[in-house]
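Just so it is clear, the model here is predicted, and its values are computed rather than measured.
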Amino acid sequence: MPLRSDLRNVAIVAHVDHGKTTLVDAMLVQGGAYGDHAHVEDRAMDSGDLEREKGITILAKNTAIRYTGEAAGPEGVTINVIDTPGHADFGGEVERGLSMVDGVVLLVDASEGPLPQTRFVLRKALAAKLPVIIVVNKVDRPDSRIDEVVEETHDLLLGLASDLEDEVPDLDVDALLEVPVVYASAKAGIASLAQPADGTLPDGDSVEPLFKVIMERIPAPSFDEGAPLQAHVTNLDASPFLGRLALLRVYNGEIRKGQQVAWARKDGSIKQVKITELLETKGLDRVPAESAKAGDIVAVAGIEEITIGETLTDLEDPRPLPLIQVDDPAISMTIGINTSPLAGRVKGAKVTARQVKDRLEKELIGNVSIRVLPTERPDSWEVQGRGELALAILVEQMRREGYELTVGKPQVVTREVDGKLHEPMEHMTIDVPEEHLGAVTQLLASRKGRMESMSNHGTGWVRMEFIVPARGLIGFRSQFLTDTRGTGIASSIAHGYEPWAGLIEYRTNGSLVADRAGAVTSNALMALQDRGTFFVGPTEDTYEGMVIGENSRNEDMDVNITKEKKLNNIRSSTAEELERLAPPRRLTLEESLEFAREDECVEVTPEKVRIRKVILDGTERARAASRAKRQNA
């Protein structure tokens with residue numbers, strides 16, 4: 001098969017926070033992507049506001065680096081680099097990223113070693129028979145343990161290869177034994193093939209050794225000479241001038257600007273369309289191009305309804321490529337219009353069912369790992385996704401765009417196997433200081449977690465692995481951080497389905513619920529301060545059924561939070577005393593979703609996030625609770 005020797009397509013994959021985007025920064029700077037006086041942004045590939053705030057990659061993105069170093073030869077080589085998310089909730093992005101490339105660079109933290117997401121992305125790469133390069137990053141960390149991490153990564157590679165024997169019978173296990181290891185400090189912009197001592201920087205002054213290994217190990221794209229055009233849509237973007245852009249990898253043939261091509265749709269139909277604009281990536285910018293050949297990753301404009309997984313092919317000889325397969329969603333939540341008494345107070349907010357429905361349908365176009373299903377009500381929809389974080393980020397993006405929503409508590413997506421109810425399970429890896437071992441074990445036991453292994457590296461930290469129901473992890477993170485005083489690190493990944501584990505107690509404390517509408521008064525807060533912690537401050541508007549705090553006891557309590565101080569003309573001896581009010585606890589959107597119980601939901605507006613009861617009227621709520629009690633008895 002002929003090869004494109006002037007091109008390499010590679011994805012950088014790793015667990016969250018192991019330094020992928022920082023490594024791409026170093027490759028861009030040393031690959032000459034910036035001019036002499038250009039402003040160099042940290043984590044340049046994390047372009048979204050939420051990505052910068054949270055410090056995580058949410059969307060897979062690509063960049064092209066023009067490499068002209070020693071290994072490139074006189075002509076130079078274009079290296080297309082795909083930066084993928086490291087969080088399991090955005091696994092759909094990883095699957096798309098891997099469908100565009102011919103090899104992967106696997107980053108592993110020199111201290112933390114391989115974690116669940118490392119396993120997830122590596123399994124996908126091996127199943128696709130992609131060659132792997134291991135990069136041990138952050139070798140200059142004071143607590144780095146390079147030898148053990150390299151050994152753990154090799155063990156993981158061989159373990160996954162034996163797991164995949166049935167699925168991929170022709171997997172080359174011998175090649176896995178010779179996987180090259182590069183030692184790097186992405187922040188310092190240095191990589192080396194020589195192993196440094198623990199906690200020290202690698203030899204050298206650039207990432208040139210990594211470029212050399214990519215040139216040697218990642219194969220050049222191959223194609224069938226004389227085959228018709230085949231280009232796979234792997235991502236979508238939008239331009240204010242050109243409309244929808246389809247990012248595609250050309251597998252065979254050539255695609256040109258102005259060309260008439262066949263668009264093979266998901267439903268099997270084929271339609272003739274014209275490529276109005278063709279853009280190639282240079283550094284971080286897209287620039288117009290006249291044509292693209294096999295192996296290139298380009299963006300095309302002019303096809304308004306094209307979606308991910310579809311194919312652009314030859315009109316005379318159409319040959320569609322297979323659709324991208326994505327793992328099933330595990331978590332669902334109901335998203336509907338804002339039905340609270342305070343709805344529509346924000347000027348210019350989008351509050352109608354049509355606007356919310358249009359936005360959810362728009363999300364489906366670019367996000368392959370979520371599903372939107374209708375519910376019994378015409379103004380609410382069930383949205384299914386990989387995990388709580390992915391759905392919370394969708395709601396947060398909609399909030400910033402000016403939507404008002406009512407969001408239900410996250411639930412798990414169950415299925416029936418042989419007549420029995422099964423639920424999704426998660427494989428969870430936890431790193432905690434030794435003193436918090438008991439608290440974490442107890443917390444996971446209460447959420448039906450089953451310990452698989454425990455190891456102590458002698459550094460004062462313990463690593464534990466659990467199999468736990470996915471619903472047991474709803475609201476787990478905030479409790480876990482409280483119990484470990486912010487020091488624990490937890491990460492999880494899908495682990496198939498198992499029989500329903502039974503009832504899980506999420507929250508032991510009840511809610512403080514407002515029993516009437518009005519403004520919060522400091523007098524009422526002072527009187528109720530001993531009853532629990534509050535989420536509201538003086539002068540804020542409330543309504544009947546709104547959750548205004550957490551009760552110190554386990555039952556819900558209706559309170560009058562609008563009670564004013566009765567004034568009279570008799571001077572009180574205690575009137576001059578200074579009253580101290582504890583400041584309210586402000587919950588973020590994710591914390592609110594975790595806090596809400598089954599009979600509660602979250603009201604999301606561009607300005608506020610409030611928790612409320614699904615049934616606002618106190619009398620009706622009491623009736624519904626007694627009915628539920630009778631049914632369960």
Side-chain angles (χ1 to χ4, degrees), residues 4-14 18-34 40-48 51 56-69 71-72 76-86 90 93-108 121-122 124-125 128 130-135 137 180 182 184 186-187 189-191 206-221 234-235 237 247-250 279-287 292 295-299:
R4 284 279 310 271
S5 55
D6 62 334
L7 193 62
R8 296 290 186 278
N9 293 323
V10 62
I12 296 192
V13 296
H18 279 196
K20 294 180 298 298
T21 310
T22 311
L23 182 67
V24 176
D25 277 359
M27 292 170 78
L28 280 167
V29 171
Q30 294 177 30
Y34 299 103
V40 180
E41 192 91 55
D42 276 352
R43 299 199 342 269
M45 296 288 278
D46 284 350
S47 50
E51 291 182 314
I56 59 172
T57 302
I58 294 170
L59 300 171
K61 303 176 201 69
N62 71 299
T63 182
I65 296 165
R66 187 75 189 149
Y67 171 60
T68 53
V77 172
T78 299
I79 300 176
N80 284 314
V81 179
I82 313 288
D83 182 21
T84 59
F90 309 110
E93 298 286 326
V94 175
E95 284 153 7
R96 275 186 1 214
L98 292 181
S99 70
M100 299 164 76
V101 298
D102 304 301
V104 294
V105 172
L106 174 74
L107 243 74
V108 186
V121 291
L122 199 50
K124 296 279 180 198
L130 296 173
V132 177
I133 297 167
I134 297 169
V135 175
N137 192 27
V182 179
K187 205 169 184 183
I190 302 171
S206 69
V207 290
E208 178 66 29
L210 176 59
F211 280 126
K212 276 186 180 171
V213 174
I214 288 173
M215 293 301 299
E216 289 164 13
R217 298 291 298 201
I218 307 295
T234 53
N235 210 341
D237 205 348
L247 269 77
L248 39 92
R249 154 102 190 237
V250 184
L279 304 166
E280 64 179 5
T281 308
K282 285 194 175 172
L284 295 170
D285 303 316
R286 288 204 184 108
V287 295
D296 284 330
I297 295 172
V298 290

What's the shortest heavy-atom distance between A26 and A186, and which atoms?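 The pair with the smallest heavy-atom distance is CB-O, 3.9 Å.
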Looking at G103 and L130, what are the two nearest heavy atoms and their distance?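 That would be N-CD2, 4.0 Å.
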Can you tell if the side chain of [X] reaches within under 4.5 Å of the side chain of [Y], non-hydrogen atoms only?
X: L106; Y: L122; answer: yes
X: R286; Y: L247; answer: yes
X: V298; Y: L248; answer: yes
X: V207; Y: I190; answer: no
X: V77; Y: F211; answer: no

N/O donor-acceptor pairs under 3.5 Å from side chains in residues 6-13, not counting sequence neighbours:
residue : atom : partner : partner atom : Å
D6      : OD1  : R4      : NE           : 3.1
D6      : OD2  : R4      : NH2          : 3.4
R8      : NE   : I218    : O            : 3.0
R8      : NH1  : S5      : O            : 3.4
R8      : NH2  : M215    : O            : 3.4
N9      : OD1  : N80     : ND2          : 2.9
N9      : ND2  : G295    : O            : 2.8

Result of checking L107, N137, V81 against L23 for side-chain contact (heavy atoms from CB on, under 4.5 Å):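 Answer to the side-chain contact (heavy atoms from CB on, under 4.5 Å) test with L23 among L107, N137, V81: L107.
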Please lay out, stage by stage, how Y67 and I214 fare under the test side chain to side chain contact (heavy atoms under 4.5 Å, CB included). CA-CA 11 Å; Y67 171 60; I214 288 173; over 6 Å; no
Can you tell me if R66 and T78 form a side-chain donor-acceptor pair at under 3.5 Å?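 The answer is yes; a qualifying pair exists.
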E208: what forms a salt bridge (Lys or Arg N to Asp or Glu O under 4.0 Å) with it, not counting sequence neighbours?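 For E208, no residue satisfies salt bridge (Lys or Arg N to Asp or Glu O under 4.0 Å) once neighbours in sequence are set aside.
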Salt bridge between R249 and D102, side-chain N to carboxylate O under 4.0 Å?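 Result for this pair is yes, salt bridge flagged.
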Evaluate L279 against V287 for side chain to side chain contact (heavy atoms under 4.5 Å, CB included), listing each step before the verdict. CA-CA 5 Å; L279 304 166; V287 295; over 6 Å; no
